[in-house]
Structures are given as C-alpha cells and as structure tokens.
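In what follows, a structure is listed as structure tokens, so that the remarks can point back to it.
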Amino acid sequence: MEPFTVARITAFSETDLITQAQHGERSAFSELVCIHAQGVRNVIYRMCGDPQIAEDAAQETFIQAWTHLPSYRHQTSLRNWLYRIAVNAATDLLRKEKRILPNALEDLQLQDPQLGPEALFFEEERTELIQKAILSLPEASRAVLVLREYEGMSYHEIADALDIPVGTVMSRLNYARKTLKDKLKQSLFVQVEVKHAGAR
Amino acid sequence: MPAHVSEWLNAYHDGELQGNRLHQIEAHLAECDLCQAELESLESLSGLLHAIPAPEFTSPERFAAQVNLRLPHEQTKVSRKQILEISWWMIPVGLLGVWVFIVTSNILSDIIYEANNFGLLSGISNWLNFGSLNGVYLSSTLGQAGFLSGNGLSWAETAETFTRMSLPQISLQVSIALLYLSWSAIWWARHMRQERGPLLES
C-alpha cells in the first residue's frame with residue numbers, strides 16, 4: 001500500500017504545484033524544476049552527448065516551460081510535456097552547434113574498423129563508440145530510442161510526449177535499433193559472448 | 001514453421017505485447033532459433049546502451065536556482081495558438097447552432113400552422129394570416145394573361161410556391177452542411193499533420 005499512497009500524494013502535490021506555477025508562483029515552479037531536472041538533463045544528454053550542452057538546453061527547456069505554462073493542459077503529464085520541449089530544445093541546440101555531430105560521425109567512421117575485439121573491452125573506448133553510434137542516428141529516431149531505453153517510457157507515453165502516433169514510435173525504434181546493431185556489430189558480438197560465457 | 005516474427009520482436013522485448021499476439025510470439029520463439037538469436041541481440045544492445053554512465057550534473061536545487069534567475073517576469077497569458085484552437089471548435093459549433101435554429105423554427109412553424117388549421121389558435125389566426133400571401137404572383141399573372149390554365153397553372157403555382165418558400169431554406173441548410181463538412185475535413189487534415197510531428201520528421 002505504501003508506494004500507492006506515496007504516488008498519490010506526489011501526483012496531487014504536482015498538480016497543486018502546476019496550478020500555483022500557472023498563476024505565476026515562482027517557488028512552486030522551482031519545486032517542479034527540482035523534481036524534473038534530472039530527467040530532462042538526462043534526455044538532453046543522451047540526445048547530444050555533451051553534459052554542458054545538456055545543462056544549457058535543460059535551462060532553456062524550463063524557461064520555455066515557464067513561459068508557456070498557462071497554456072499547459074493537464075491531459076498530458078508534465079513529464080511528457082517537458083520531455084517534448086527538451087527534445088526540441090536539444091534538436092535546436094544541436095543544429096546550432098553543428099560541430100558536435102559531424103565530428104562524432106567522422107570519428108566513428110575512422111575508429112570503428114580499427115577496433116579489434118580486445119580493444120572493445122576497454123570501457124572508455126566502448127562507451128565513446130556507443131555514444132557516437134547513438135549520435136549518428138537521425139534526431140527523430142534518436143529521441144524515441146532515448147525515451148525508451150534511458151527513461152523506460154512505454155510506447156504510448158513516447159507517442160504522447162512527442163505527439164506522434166504509436167505506429168511511428170514503433171517504426172522509429174525499429175530503425176534506431178537496427179542501425180545501432182549494424183554499427184556496433186563487434187561490441188554486440190563481444191557482449192553476447194560474455195553473456196554466454198557467464199551462463200556456462 | 002510459421003513466418004518469422006522480426007517486426008514484433010522490439011515490442012516483445014519492450015513488454016508492449018498482450019493477449020494472442022504475445023502468445024503467438026512466445027510460441028514462435030520457442031521453436032525458432034533465428035528469431036531467438038535476434039531477440040538476444042536486442043537484449044545485448046540494451047545492455048550496451050545502459051553501459052554508458054550518466055554524467056554528474058549539478059544538484060537539482062542549484063540547477064533550479066540557476067533557472068529561477070533566468071525566468072522572465074511575465075508568463076504568456078493566453079497563447080495565440082490557444083485562441084486559434086478555440087476558434088477551430090467555435091466556428092463549426094456556431095454553424096451547427098444556426099442549422100438547429102432553422103430546423104427548430106421550421107418545425108415550430110409547421111406545428112403552429114397545423115394547430116391553426118384545426119382551429120386551436122382561432123384567437124390569433126388573424127395575426128397569423130396577416131401579411132401571409134400565397135406568393136404565386138407570377139403564376140397568377142400568367143394565368144390572368146391567358147398563358148396558363150388548368151393543370152398547367154396548378155403546376156406553375158405549386159412550383160412557384162416551392163421555389164419561394166422551401167428552396168431558400170433547403171439551400172441554406174445544404175450550404176451549412178457543406179461548410180461544416182469542409183471545416184471538418186480541414187480540421188482532420190490539420191490534426192493528421194500535427195500527429196506526424198513536424199518538428200521531429202527526419
């Protein structure tokens with residue numbers, strides 16, 4: 001019963017905070033920022049791969065949210081609404097800071113063939129390779145992948161957050177995963193081997 | 001063996017399947033090594049993605065304080081978009097209202113006419129008849145001039161009555177219905193465009 005009660009109280013408090021913030025109450029809005037700061041920054045970081053850009057874009061996200069809060073409707077959850085703004089803010093920033101994505105793609109093309117199976121065990125290199133593979137995805141597919149994999153959102157929640165049909169969520173996710181599997185063949189091979197070795 | 005189920009494996013992996021579809025995929029996976037291997041590769045991919053650590057961000061409280069410093073003084077009161085959204089709903093509702101008013105007026109008018117015929121409104125029959133002409137001036141004139149007579153005159157009078165009394169009302173109702181349908185079609189097209197998420201199309 002405990003989690004249910006806590007969830008109910010949180011939901012009621014958030015609704016109250018939203019109503020107060022819609023009437024211009026800054027302290028209520030600050031509390032909402034505290035609640036959603038981590039999620040919004042995570043989404044943007046996974047979208048762009050740069051912690052500093054994630055901080056900046058998250059600030060922009062909350063400023064936009066504050067400005068447009070009076071037109072926010074309670075049918076959509078605040079988290080989904082914020083994530084939508086966050087994804088768009090990240091996309092805008094990436095377009096402005098074009099230097100990040102092209103370099104990442106270039107590095108990925110240069111490094112991937114050189115990495116032997118042994119090198120993939122090195123954590124840093126592997127992390128960098130995966131990060132770059134994610135960044136090489138089209139923004140639309142990347143957003144769906146990030147919300148599913150890192151935020152654990154259901155297809156319906158993603159559809160609601162990005163204002164797209166569930167069928168589009170499925171097709172973008174299929175595309176993103178297929179592309180990543182192709183780009184990370186070697187890493188995946190090692191991952192499967194490690195898993196099977198563990199099972200034996 | 002039935003066809004492979006690759007297109008459903010993502011949804012299966014994400015726990016989005018239910019009912020018959022779920023049983024169908026599970027049954028297929030129990031028999032098909034190829035699909036089983038594909039599912040394993042999806043699970044491995046998820047494992048790889050989760051291997052990337054999240055960075056250390058500033059604390060939420062400090063972040064909220066930074067945001068607070070940058071907040072503009074004024075919020076947008078009622079956005080233009082919201083006003084447009086209300087208009088999109090109010091115009092067809094207004095058209096429907098006009099249509100309902102016309103139909104109700106006609107029905108009421110018929111009821112009063114019939115009641116008058118049965119003598120239920122004898123007190124006001126003079127008022128009802130005041131100014132009510134049969135509206136067949138053209139047919140009468142043609143009849144008096146000798147151009148029409150008998151059945152011809154009768155048909156001409158009926159046609160003229162219909163044209164003068166009923167046709168404008170029918171035209172008006174058809175126009176309103178067409179306007180409403182066009183409006184609905186435009187609204188649907190606009191809604192479909194929004195559903196496709198223009199900001200995120202790749």
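In what follows, chains carry the letters A, B, and so on, assigned in the order in which the sequence lines appear, proteins first and then strands, with residues in each chain numbered from 1. What you see is a predicted model; the values in this text were computed from it and never measured.
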Atom group of [X] that falls short of 4.5 Å from chain B, counting heavy atoms:
| X | value |
| --- | --- |
| A:Ala159 | neither |
| A:Ile134 | side chain |
| A:Ala65 | neither |
| A:Tyr155 | both |

Problem set entry | Rounded distance [0.5 Å steps], CG in B:Leu9 versus CZ in A:Arg177 |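 Going from the CG atom of B:Leu9 to the CZ atom of A:Arg177 covers 10.5 Å.
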For this session: Drop me the distance from B:Leu45's CG to A:Leu180's CG, to the nearest 0.5 angstrom.
Result: 5.5 Å
Residue selection (most heavy-atom pairs with chain B, distance under 4.5 Å) from [options]:
| options | value |
| --- | --- |
| A:His156, A:Glu60, A:Arg46 | A:Arg46 |
| A:Leu145, A:Asn42, A:Val144 | A:Asn42 |
| A:His36, A:Gln38, A:Arg148, A:Gln22 | A:Arg148 |

Considering non-hydrogen atoms only, spot the tightest contact between [X] and [Y] and give its length.
| X | Y | result |
| --- | --- | --- |
| B:Glu7 | A:Asn174 | O-ND2, 4.0 Å |
| A:Ser30 | B:Ala64 | O-CB, 3.8 Å |
| B:Phe63 | A:Ala37 | CD2-CB, 3.6 Å |

For this session: Kindly indicate whether the side chain of B:Arg70, heavy atoms from C-beta on, has any atom under 4.5 Å from the side chain of A:Phe62.
Result: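 No, side chains not in contact.
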Problem set entry | Side-chain heavy-atom pair B:Pro60, A:Val33 within 4.5 angstrom cut-off |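 In short, these two side chains do not touch, never coming nearer than 4.5 Å.
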For this session: Heavy-atom pairs under 4.5 Å with chain A are the metric here; pick the option from B:Asp14, B:Leu42, B:Asn10, B:Leu49 that has the most.
Result: B:Asp14
Problem set entry | B:Trp183 CH2: over 12 foreign heavy atoms closer than 6.0 Å | yes
Exercise. Got more than 12 heavy atoms from elsewhere within 6.0 Å of CZ, A:Arg26?
Worked result: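 Yes, because the 6.0 Å sphere around CZ of A:Arg26 holds more than 12 heavy atoms from other groups.
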Exercise. Hey, are B:Glu16 and A:Ser154 close enough side-chain-wise for a donor-acceptor pair under 3.5 Å?
Worked result: no
Exercise. Which bit of B:Ser6 is near chain A, if near means a heavy-atom gap under 4.5 Å: side chain, backbone, both or neither?
Worked result: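 Neither part, no heavy atoms under 4.5 Å.
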Problem set entry | Test item: A:Glu55 side-chain N/O and B:Thr58 main-chain N/O as donor-acceptor pair under 3.5 Å | yes
Problem set entry | Contacts of residues 50-57 of chain B with chain A (heavy atom under 4.5 Å) |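 Residues of residues 50-57 of chain B touching chain A at under 4.5 Å: B:His50, B:Ala51, B:Ile52, B:Pro53, B:Ala54, B:Pro55, B:Phe57.
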